[in-house]
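A note on names: the letters A, B, ... follow the listed sequences, proteins ahead of strands, and every chain is numbered from 1.
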Amino acid sequence: MRSPPDFSLPPVPLARSLIGAVLTVDGVGGRIVETEAYDRDDPASHSFGGPSARNAAMFGPPGRAYVYRIYGLHWCLNVVGGPEPGGAVLIRALEPLHGLERMAERRGVADPRSLCSGPGKLCQALAVTRDHDGLALTEPPFELLGATGAAPLAAGPRIGVSKAADRRWRFGLAGSPWVSRPFPSARMPG
DNA sequence: ATGACGATGCACT
DNA sequence: GTGCATCGTCATG
């Protein structure tokens, strides 16, 4: 049995616990295999400068969606965390499980590898837009079920982030071929 | 009113 | 590996 994620967790533990969870929108979605944590005291976070019209959902109750537009054309989906306001987890990649055909139509590509392997891609595949900003992830059209067990985790620096680049707050399902980019693997000298 | 810039994806070399 | 599309948001005048 899958139980819901504990949304009251701070962004980093929430980001780790969401690996392996299953997210769908109107029945289309899959297993979360890549996340990034952002918190209030984080120069890279949209909440860093305090509440605004755009980031209002980040300062609302945990367990809701924060959706924003990036580079004028892509949408990105976050899970709002807790217990302090201003924390969220960016969903960066899914392993497609449900509604593959619908995803392919929306994405305009056939290769399953490129359906949900990036934050903008998965929003297009699941038809997530600003309309979903602030909606509860535990209610339709969303469904978000927690991981069944402890997933083997990979970690690395966040992607596209110039500030606080030292924080290894990007998490992934170790060895998964569905992530947006490979994780740096430990390399033996010699 | 205006300008800088971005938690990206895609085409191309 | 590099270049670029494209526009909402925020800081500034």
In whole angstroms, the gap separating P of B:dG9 from CG of A:L77 amounts to 13 Å
Would you mind checking if A:D133 and A:R69 are paired as a salt bridge, meaning a charged N to carboxylate O distance below 4.0 Å?
no
What integer distance in Å separates A:D133:CG from C:dT9:P?
10 Å
If you look at every strand shown and take non-hydrogen atoms under 4.0 Å, does A:R130 touch a base, only sugar-phosphate, or nothing?
sugar-phosphate
With heavy atoms under 4.0 Å as the rule, sort A:R158 into base, sugar-phosphate or nothing.
nothing
Quick one: look up who B:dA7 pairs with, Watson-Crick or G-U, both distances under 3.5 Å, and put none if it's unpaired.
none
Of the candidate nucleotides C:dG8, B:dG9, B:dA7, which contains the atom at the shortest distance from the side chain of A:M58?
B:dA7
Determine which nucleotide pairs with C:dT6, using a 3.5 Å limit on both distances of a Watson-Crick or G-U wobble pair.
none
Starting at CZ of A:R69 and ending at C1' of C:dT6, how long is that distance when rounded to a whole Å?
9 Å
Hey, which sits more toward the 5' end of DNA chain B by its nearest nucleotide, A:S114 or A:Y66?
A:Y66
Does B:dC10 have OP1 or OP2 under 4.0 Å away from a side-chain N or O of A:K121?
yes
Which part of the nucleic acid, if any, lies within contact of A:R107, taking any heavy atom under 4.0 Å across all strands shown: a base, the sugar-phosphate backbone alone, or nothing?
sugar-phosphate
Between C:dG8, B:dA7, C:dC10, spot the one nearest the side chain of A:V161, thanks.
B:dA7
Hey, which of A:R181, A:R92, A:R167, A:R16 is the one that makes salt bridge (Lys or Arg N to Asp or Glu O under 4.0 Å) with A:E36?
A:R92
When the distance from CZ of A:R113 to C1' of B:dG9 is rounded to whole Å, what number comes out?
18 Å
Calculate the interatomic distance between A:H46 atom NE2 and B:dT8 atom C1'; express it in whole Å.
12 Å
Considering every strand and a 4.0 Å limit on heavy-atom distances, what is the contact class for A:L73: base, sugar-phosphate, or nothing?
base
Which of B:dA7, B:dC10, C:dC10 is nearest the side chain of A:R54? It is C:dC10
Are A:H46 and A:Y38, when compared by the centres of their aromatic rings, separated by less than 6.0 Å?
no
Could you give the CD1-to-P distance, from A:I70 to C:dC7, as a whole number of Å?
14 Å
Within the modelled atom types, does a donor on one side and an acceptor on the other bring the side chain of A:Y71 and the base of C:dA5 under 3.5 Å apart?
no
In whole angstroms, how far is the P atom of B:dA7 from the OH atom of A:Y68?
6 Å
Which of A:L9, A:V33, A:V79 passes side chain to side chain contact (heavy atoms under 4.5 Å, CB included) with A:L18? Answer is A:V79
If only side-chain N and O atoms of A:S52 are considered, is one of them under 4.0 Å from the OP1 or OP2 phosphate oxygen of C:dC10?
yes
Quiz item: cation-pi between A:R40 and A:F48, 6.0 Å / 45°:
no
Starting at CZ of A:R170 and ending at C1' of B:dT8, how long is that distance when rounded to a whole Å?
14 Å
Do the side-chain N and O atoms of A:Q124 and A:R106 include a donor-acceptor pair separated by under 3.5 angstrom?
no
Nearest-nucleotide comparison on DNA chain C, the residue closer to the 5′ end among A:H74 and A:N55
A:H74
